[in-house]
There are 2 protein chains.
Amino acid sequence: MSCEKDTAQALKESGHRPTPQRLLILGALRHAGGHVTAVEILEKVRASYPYVDISTVYRTLTVLKEMRLVTETDMGGGESQFEWAGGEGHHHLVCKGCGKVALLDDQRMKALGKGIMSSYGFRADLGHFAVFGTCAECLKKEE
Amino acid sequence: MSCEKDTAQALKESGHRPTPQRLLILGALRHAGGHVTAVEILEKVRASYPYVDISTVYRTLTVLKEMRLVTETDMGGGESQFEWAGGEGHHHLVCKGCGKVALLDDQRMKALGKGIMSSYGFRADLGHFAVFGTCAECLKKEE
DNA sequence: CTAGCTGCAAAGCGTTTGCACGATG
DNA sequence: CATCGTGCAAACGCTTTGCAGCTAG
């Protein structure tokens, strides 16, 4: 796979060492295909490299966030969710009632971002967004 | 002021006792005119009633959230922000660069909420929302 | 050789919980 | 008087930090 090389290169160029731990963490993030918590990353990485520490995961995530390769989102439950920043932005409708998470199409958010930019000159970081509320099912139950 | 009586009434009706601590916490929230953290509430309350504990603040906030008198928002910094749910909804543009917070008008968000409802049947809780990004000033600096 | 990175352990932070005492209706 | 609420202290979960040893350039 060439992607491992690419990210190794990216790390080097920004003055960081491409250690095995970092590459494994990167791999875990890329193959997750969605959000993962720091602990989930740890578990995935430990499958092939058992002596990795949670602090290394956090430190690596900090580096990757600085490089804008990874995004962090707080979805309300105390733990942060991390995600590979490669794909198209996508957003979440988090139901406060049942905890289910649905996806929200990107179009609507892009339009919002454009509007904010033209009105305020503020570049909204809408690559990954969580909207809280109540889903259709729980709305029914409320009555 | 009649508002104290009103909230005392509201507490009673939902089966909770209007204790002095609760009324003080309510007052602190109402007079804050914006977001406050649990600790800020504690400090305000202690000014007139020194032996209040942070756990009481949290417990009261839980009750008030259930009664929908108060909203909670996570603005990224680890601490939650609480706010009196009386006024019009308002939203925040939080700059990741300088940490400044600007206001975003409600109209745009209301439109978003309507769209989400009609497409997904999901009632978005957009009463108080935080959008992260980069402000105009920091965008300039980036170059 | 001299950075930088790691694992381990311990601390930090906001928040929650167990418990006995006190206040409320 | 039975219940609910409180203060205190301790625990909690996620994240960060200090430190000594190791590793890569």
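In what follows, chains are A, B, ... by sequence order, proteins preceding strands, each numbered from 1. Remember, predicted model here, so these are calculated numbers, not experimental data.
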When the distance from [atom1] of [X] to [atom2] of [N] is rounded to whole Å, what number comes out?
| X | N | atom1 | atom2 | answer |
| --- | --- | --- | --- | --- |
| B/Glu13 | C/dG25 | CD | C1' | 16 Å |
| B/Gln9 | C/dG25 | CD | P | 12 Å |
| A/Lys12 | C/dC5 | NZ | C1' | 16 Å |
| B/Leu64 | D/dG5 | CG | P | 12 Å |
| B/Leu61 | C/dG14 | CG | C1' | 13 Å |
| B/Asp74 | D/dC14 | CG | C1' | 13 Å |
| A/Glu66 | C/dC5 | CD | P | 11 Å |
| B/Leu42 | C/dG14 | CG | P | 12 Å |

What are the atom names and distances for every N/O pair under 3.5 Å that joins the protein to nucleotides 9-13 of chain D?
none

**Prompt:** Which atom pair, heavy atoms only, marks the closest approach of A/Leu61 to A/Ala38?
**Reply:**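 Result for this residue pair: CD1-CB, 4.4 Å.
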**Request:** Give a yes/no answer on whether the side chain of B/Thr56 brings an N or O atom under 4.0 Å of OP1 or OP2 in D/dG7.
**Result:**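 Yes, B/Thr56 has a side-chain N/O under 4.0 Å of OP1/OP2 on D/dG7.
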**Message:** Side-chain N or O of A/Thr19 versus OP1/OP2 of C/dT6: is the shortest distance under 4.0 Å?
**Reply:**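 Yes.
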Any non-hydrogen side-chain atom of [X] less than 4.5 Å from a side-chain atom of [Y]?
| X | Y | answer |
| --- | --- | --- |
| A/Glu72 | A/Glu83 | no |
| A/Lys114 | A/Lys110 | no |
| A/His92 | A/Val131 | no |
| A/Leu42 | A/Val52 | yes |

**Closest nucleotide among C/dT24, D/dG5, C/dC8 to the B/Pro20 side chain** =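 Of C/dT24, D/dG5, C/dC8, C/dT24 is nearest to the side chain of B/Pro20.
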**Prompt:** Given C/dC5, D/dT6, D/dC4, which nucleotide is nearest the side-chain atoms of B/Gln21?
**Reply:**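 Between C/dC5, D/dT6, D/dC4, the one nearest the side chain of B/Gln21 would be D/dT6.
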**Request:** State whether the side chain of A/His31 and the backbone N or O of A/Gly27 hold a donor-acceptor pair below 3.5 Å, judged by distance alone.
**Result:**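 Checked: pair present.
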**Asked** D/dT3 base to B/Arg17 side chain: any donor-acceptor pair below 3.5 Å?
**Response**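 Indeed, a donor on one side and an acceptor on the other fall under 3.5 Å apart.
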**Prompt:** Is a donor-acceptor contact shorter than 3.5 angstrom present between the side chain of A/Arg59 and the base of C/dG7?
**Reply:**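 Under the 3.5 Å cut-off, the side chain and the base do form a donor-acceptor pair.
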**Request:** Give one of base, sugar-phosphate or nothing for B/Val39, where a contact means two heavy atoms less than 4.0 Å apart.
**Result:**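 Touches nothing.
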**Message:** Counting the atoms with a prime plus P, OP1 and OP2 as sugar-phosphate, which does B/Pro18 contact under 4.0 Å by heavy atoms, base, sugar-phosphate, or nothing?
**Reply:**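 The answer is sugar-phosphate, as B/Pro18 gets under 4.0 Å only of primed atoms, P, OP1 or OP2.
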**Asked** Quick one: on DNA chain D, does B/Gly15 or B/Arg46 contact a more 5' nucleotide (nearest heavy atom)?
**Response**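 Nearer the 5' end of the strand: B/Gly15.
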**Message:** So for atom NZ, which belongs to B/Lys65, do other residues, nucleotides or ligands contribute more than 12 heavy atoms lying within a distance under 6.0 Å?
**Reply:**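 Yes, because the 6.0 Å sphere around NZ of B/Lys65 holds more than 12 heavy atoms from other groups.
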